Amino acid sequence: MAYSIALAGKGGTGKTTTAGLLIKYLLKTDRKPVLAVDADSNANLNEVLGLEITDTLGQAREDMKKGKVPSGMTKDVFMSMRLEQAVMESGDCDLVVMGQPEGQGCYCAANTLLTNFLDRLQDNYPYIVIDNEAGMEHISRMTTHNVDVLLIVTDASRRGLQAALRIHELAQSLNIGVARSYVIINQVKSGAPDQAMEMLNQAGIELGGVLPEDDTVYDYDFQGRPMIELPDDNPVVLAAYEMFDKIMETETAKASGHTV
């Protein structure tokens with residue numbers, strides 16, 4: 001069964017960039033192939049990975065609902081074909097974009113096909129990275145698999161941290177079986193603030209790590225360059241690698257029954 005890592009956070013915190021750094025780390029440490037799932041309605045994980053969106057699962061669902069099925073083809077065959085076409089393959093990392101949220105009307109048949117497809121697809125990958133918006137209802141609808149690790153990305157502001165804690169509470173209330181949650185504080189000038197640590201301790205959620213501010217990251221973002229191409233000696237990449245090493249070591253130890 002695939003090991004699933006989901007990311008969530010309010011807009012502007014660098015959540016999708018962090019997802020890209022995680023994928024870069026998994027590939028670097030030979031944890032591949034990776035399935036990247038963009039479940040944010042404002043899809044831009046493809047830009048971080050340097051891929052062009054050709055189709056989305058949501059669009060396939062919409063087309064089936066609107067009857068855009070060729071004559072002589074069943075809906076099941078049509079959806080199977082369209083869903084396969086929506087998988088963007090790129091070496092050791094494939095990308096699936098969920099697309100816009102569904103509108104009014106009944107989508108039961110299409111959603112069932114979508115869920116079954118994702119369940120089959122996930123069996124082909126040892127690691128799955130799911131980039132979500134702050135609300136994570138997409139996860140609860142899209143798959144029956146549990147989320148092994150939830151990474152909640154925030155900045156160092158009090159308001160940002162409060163939003164992160166609300167996301168943590170939401171994750172606990174949804175039926176997605178989050179095994180463990182971590183907060184990642186992004187765009188930090190110098191370490192995690194004491195007040196931030198106090199808030200996390202009171203909420204009972206662990207700090208995964210901090211990522212520093214960096215001009216190169218801003219330049220890549222402004223120029224539209226894929227974040228996955230950041231050099232390995234970049235300060236943010238180095239900090240991300242160290243952070244993910246720590247998280248994966250903790251998770252491995254937990255899975256083996258050792259105390260961390």
Side-chain angles (χ1 to χ4, degrees), residues 5-29 34-54 56 88 90-100 127-136 138 149-164 167 182-193 196 207-245 247:
I5 307 172
L7 292 94
K10 71 182 185 71
T13 58
K15 168 184 60 67
T16 300
T17 295
T18 305
L21 291 171
L22 172 59
I23 292 168
K24 182 179 178 70
Y25 165 82
L26 293 174
L27 298 178
K28 176 78 173 179
T29 54
V34 176
L35 175 63
V37 179
D38 192 337
D40 193 331
S41 57
N42 180 27
N44 57 11
L45 181 59
N46 64 297
E47 297 175 2
V48 169
L49 300 177
L51 299 173
E52 182 178 351
I53 296 176
T54 55
T56 71
M88 286 163 274
S90 177
D92 291 315
C93 178
D94 296 344
L95 173 65
V96 170
V97 178
M98 294 293 292
Q100 292 293 324
Y127 288 89
I128 301 171
V129 175
I130 310 168
D131 184 26
N132 299 274
E133 52 195 358
M136 291 172 294
H138 244 323
V149 176
L150 173 64
L151 304 178
I152 306 171
V153 184
T154 179
D155 54 29
S157 69
R158 182 174 183 81
R159 186 173 299 175
L161 287 160
Q162 287 174 333
I167 292 171
Y182 297 90
V183 166
I184 295 174
I185 305 179
N186 193 25
Q187 303 164 351
V188 175
K189 292 182 178 180
S190 58
L207 175 68
V210 299
L211 298 176
E213 284 187 324
D214 183 74
D215 289 339
T216 303
V217 172
Y218 288 120
D219 290 341
Y220 268 56
D221 182 50
F222 187 78
Q223 296 169 16
R225 297 181 62 181
M227 294 292 179
I228 201 168
E229 295 178 0
L230 280 166
D232 285 339
D233 61 356
N234 175 270
V236 175
V237 174
L238 290 173
Y241 283 0
E242 181 179 356
M243 175 178 66
F244 294 136
D245 269 338
I247 291 173

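A quick note: this is a predicted structure, and the numbers were derived from the prediction, not measured. Count residues from 1 along the sequence.
- Every residue meeting the side chain to side chain donor-acceptor pair (under 3.5 Å) condition with Thr29, not counting sequence neighbours, appears here in chain and number order: Arg31.
- A 4.5 Å side-chain heavy-atom check between Asp155 and Ile185 finds every atom pair outside the cut-off.
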| query | Can you check side chain to side chain contact (heavy atoms under 4.5 Å, CB included) on Val210 and Ile184, steps first, answer last? | reply | CA-CA 6 Å; Val210 299; Ile184 295 174; over 6 Å; no
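- When side chains are defined from C-beta on, Leu7 counts as touching Val153, because their heavy atoms get closer than 4.5 Å.
- Taking Thr16 as the reference, Asn44, Asp131 meet the side chain to side chain donor-acceptor pair (under 3.5 Å) condition, with sequence neighbours excluded.
- Looking only at atom types and distance, the side chain of Asn46 has no donor-acceptor partner in the side chain of Asp38 under 3.5 Å away.
- Shortest non-hydrogen contact noted between Leu161 and Ala196 is CD1-CB, 3.5 Å.
- Annotation: the span from Glu47 atom CD to Met227 atom CE amounts to 10.0 Å, rounded to 0.5 Å.
- One distance of note links CE of Met88 with CG of Leu45; it measures 9.0 Å at 0.5 Å rounding.
- Using a 4.5 Å heavy-atom cutoff, the side chains of Leu49 and Cys93 are in contact.
- The shortest distance between side-chain heavy atoms of Leu22 and Leu151 falls below 4.5 Å.
- More than 12 heavy-atom neighbours from other residues, nucleotides or ligands sit within 6.0 angstrom of CG on Asp219.
- Heavy atoms only, all atoms of each residue included: Tyr220 and Glu229 are closest at OH-O, 3.6 Å.
- Residues Asp221 and Thr17 form no side-chain contact, since every pair of their non-hydrogen atoms from C-beta on lies 4.5 Å or further apart.
- Of the inter-residue distances, the one linking Lys10 atom NZ with Gln162 atom CD reads 10.5 Å to the nearest 0.5 angstrom.
- Of all the heavy atoms in Gly20 and Val48, the pair that sits closest is CA-CG1, 3.5 Å.
- Closest non-hydrogen pair, Ala8 versus Glu133, comes out as CB-O, 3.8 Å.
- Rounded to the nearest 0.5 angstrom, Leu211 CG and Thr18 OG1 are separated by 5.5 Å.
- Contact check for Ile130 versus Ile5: no side-chain heavy atoms found under the 4.5 Å cut-off.
- Gly9 approaches Ile167 most closely through the heavy-atom pair CA-CD1, 3.6 Å.
- Tyr182 has its side chain out of reach of Leu207: every pair of non-hydrogen atoms, C-beta onward, lies at least 4.5 Å apart.
- Of the inter-residue distances, the one linking Asn186 atom CG with Lys15 atom NZ reads 12.0 Å to the nearest 0.5 angstrom.
- Contact detail for Val97 and Ala43: the closest heavy-atom pair is CG1-CB, 3.8 Å.
- Heavy-atom neighbours of Glu52 CD from other residues, nucleotides or ligands within 6.0 Å: at or below the threshold of 12.
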Residues 235-245, side-chain donor-acceptor partners within the protein, below 3.5 Å, at least two apart:
| from | atom 1 | to | atom 2 | distance (Å) |
| --- | --- | --- | --- | --- |
| Tyr241 | OH | Asp232 | OD1 | 3.0 |
| Asp245 | OD1 | Tyr25 | OH | 2.7 |

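- For the pair Asp92/Val34, no side-chain contact is recorded, criterion being any heavy-atom separation below 4.5 Å from C-beta on.
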